[in-house]
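Lettering follows sequence order; numbering is per chain, from 1. When reading the values below, keep in mind they use all heavy atoms of this one structure, side chains included, and skip hydrogens, waters and symmetry mates.
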Amino acid sequence: MKQRAILVAAWLGVVLYAFPGYMSFDSITQLVQARTGNFGLGHPPLMGVLWAICDAIITGPFLMLVIQVTCFVAGVYLLLRLAMSERAAAWCTLAFSWFPPVMAVMAVIWKDSQMTGFLVLGIALLVSDRRGVRLGGLALLSLATAMRYNALAVTFAPVVLLFVWNPAHRWYKRYPVAIAAWLVITIVPAIVNDALVRERTYLWHESLALGDITGTLRYAPDLPDAELQAALAGTPLRVTTDIQQAARASFPPDAHASSFGTGTYVPALWATTFHLFDPPITAEQRTAVTRAWRTIVLGHPGAYLAYRGHVLRERLHFFDGKIPSGVYASFTDSQDRAGSAARIGHNALSSHLQRWLHQAMAVLASSWLFRPWLYLVLSLLALPLVRDRRVLALALSGIANEVALYFLAPTIDFRYSIWLVVTTLLVMASLVAGRSGRTSTPRTAPLADPR
Amino acid sequence: MRRLSPRVVLAAGWLVAFVYGYPGRLPRASVELFQRAHASHPPVFSFVWHLLEYVVAGPAGMLVAQVTLAVAGAYAILKAALPDERAAWLTSLVMVCPPVLATVTIISPAALAGALMLFAAGGLMPVPQPAATRPWIPIGALALAAAVHPAAIVAALPLVLLREPPARAVIAWLAIGVVAVGANAALTHHLMHVHVHASVLGAPLTIDPATASDDVLLKLGVPTERSHLQDAITFVLDLVPVLYAPWLWLAAALGVVWLRRDRSALPLIIAGIAFAGALAVTGPDVALPLYAFVLVTLLRGRS
């Protein structure tokens, strides 16, 4: 089989599994925003613009699926080709594309999947020997940054370690230029996203900030009500006495809290949070939430880190017996199939092939393959063995994703860790190829220069 | 300027038809077939659809099959008389020609039969240096076309004559007819089973065909929204309705033959006319072979 045929098979396998593209509540909301132009900050407006363009050509999720899968397959192949023969790279690309944890996420139209596609292709182009291609890689990394907030941590190592404006530059010129490039690709999408927002929302004030305060209070030393009343003054606090006890109490999850996903610790935390606070609705309340977050979270860093540690443990499924399914496979919002289909004028049914694959995925969805800690441990173990700058950039990028999520992940969705899974696969394959001496001729002049 | 390879040009033509037609334009009869409430279609058509649904649910698989067959057939017919690159460009031109584009993207027995006839004709075209040919592939495609739509039975004979001498052609044609009728007869009982218990489209549905609406389409997994690009192409296609008039194409067909005296293309024209003529008996439907065969004959020039 020729490389091209193998790559087409890799692409086709994912597309046929997902055709015309799975969509969750978030995806449906984004498609509606793309059609109305009424962008908020809850979802990246630039992804909405991209989807609006795709929707003008073929309605629904299909072209978005094509974009993310094409970028992913192309990027993985180009990166692997630097570490092994073209044929081996093509077969590995097929294996990685069909790898259940990867395929499960890349089949859904999510910002995580789009980010992953743009990241992997962007990094692959970054090591080209042609400056125009390298700049194209930067543009893709910028687009990836526009998709998810944690991408700014993810792009740092690849851009700083791999981007070269001019191969003749020595390190004292090369690294400042690379850092400047990283700043540009980080700041520009933030500005563009902000400019596109029509309906300003305050997600941080309404969710993560309140969760951080509640979580920190759980592990902070006992604090008197008077001190907490002062710290929380002006916030939409629902409890006025025994505040810290309320933060440590457990409540049955209500409808609002259950929208924060699966698990035990995290949904319980959100249930407590929304018993403790109402969402802030005025500017004064949001200012008070910001002030309270600074006072309580920054005032008790140990308690904050302990609470985030619990979220991390549950997200990575450390020591978990049974884990929730990491696979989502619904063509419309699985909570409201008919309603969401009517909202967007789109629906699809599963083919026989897809039903077989769903059954296979259902078996694997709660297996060890979907435990992110495994990939994190592999990445950390691989780190000392890495001798290649490109592989190092990938490994650091995957780990940086988890570090960013340590502070920012509001739920324990498996999709958040997709970048760690992808980088771990790429790093392990590169290491194995390097050990077995199957490295192809490097096509990256800038990296050949040890400066 | 770098020249595009024939493969890229063909892919572009294929893509235009796919994007315009996606996920497959469904006439009312096909929607009713979707709902398994319509018994007038040849069972083989439902069976083909059923098979494709193992891979892709809904009309998209049929669209891919029809467009691919049409592109492959038109290219083979043109390539028999022209250089590869020119044949590829002209194939894409044929695909975007309004009557072809508008009909090849409709998911119906006549459209599938038309696409299969194009594919078969491509395989049966006499070429200067006949390679190791496999006539059973185009003959099989013709048998499938005939099974999918009865009008193709009539039109199959001139196409078989493209390759085979008259006596063998008549035998092959009779075999095509027998296979087509036999396949439908054999499948009828089986297909009733498919209609009632399995699916052409997933779980059995019990929807009144008279109320086919957006709700029904969505339940069948068919999007109800058309894209801006598709609307724009439809607007362009609707600008000159006379382009779809059968009399115009019949006149053009006769004119092409008379002016160019291209005897090798005569069977194509006759097949196109025969297919359109049979539609007068079976009922008004998509006359894709007439449009496509006239166009490719015109574009082949004097061969």
Please tabulate, for side-chain N and O atoms in residues 94-105 of chain A, each donor-acceptor pair with protein atoms closer than 3.5 Å (sequence neighbours left out).
| unit_1 | atom_1 | unit_2 | atom_2 | d |
| --- | --- | --- | --- | --- |
| A:Ser97 | OG | A:Thr93 | O | 2.7 |
| A:Trp98 | NE1 | A:Ala10 | O | 3.2 |

For the pair A:His352 and B:Tyr54, name the ring-plane relationship: parallel under 30°, tilted 30 to 60°, perpendicular over 60°.
-> parallel

Which one of B:Gly61, B:Ser227, B:Pro23 has the most heavy-atom pairs closer than 4.5 Å to chain A?
-> B:Ser227

Of all of B:Ala60, B:Ala232, B:Pro223, which one pairs up most often with chain A through heavy atoms under 4.5 Å apart?
-> B:Pro223

Donor-acceptor contacts under 3.5 Å from residues 60-69 of chain A side chains, at least two apart:
| unit_1 | atom_1 | unit_2 | atom_2 | d |
| --- | --- | --- | --- | --- |
| A:Gln68 | OE1 | A:Gln114 | NE2 | 2.9 |
| A:Gln68 | NE2 | A:Met106 | O | 2.7 |
| A:Gln68 | NE2 | A:Val108 | O | 2.9 |

Heavy atoms of other groups near [X] [atom1], more than 12 under 6.0 Å:
| X | atom1 | result |
| --- | --- | --- |
| B:Tyr244 | OH | yes |
| A:Arg131 | CZ | yes |
| A:Phe72 | CZ | yes |
| B:Arg86 | CZ | no |

Output the residues of residues 63-71 of chain B for which the shortest heavy-atom distance to chain A is under 4.5 Å, in residue-number order; output 'none' if no such residue exists.
-> none

Chain A contact residues among residues 7-19 of chain B, heavy-atom distance under 4.5 Å | B:Arg7, B:Phe18, B:Val19

Nearest atoms (heavy-atom pairs only) where [X] meets [Y]:
| X | Y | answer |
| --- | --- | --- |
| A:Thr59 | B:Tyr22 | O-CE2, 4.4 Å |
| B:Gln230 | A:Ile57 | CG-O, 4.1 Å |
| B:Glu225 | A:Ile344 | CG-O, 3.5 Å |

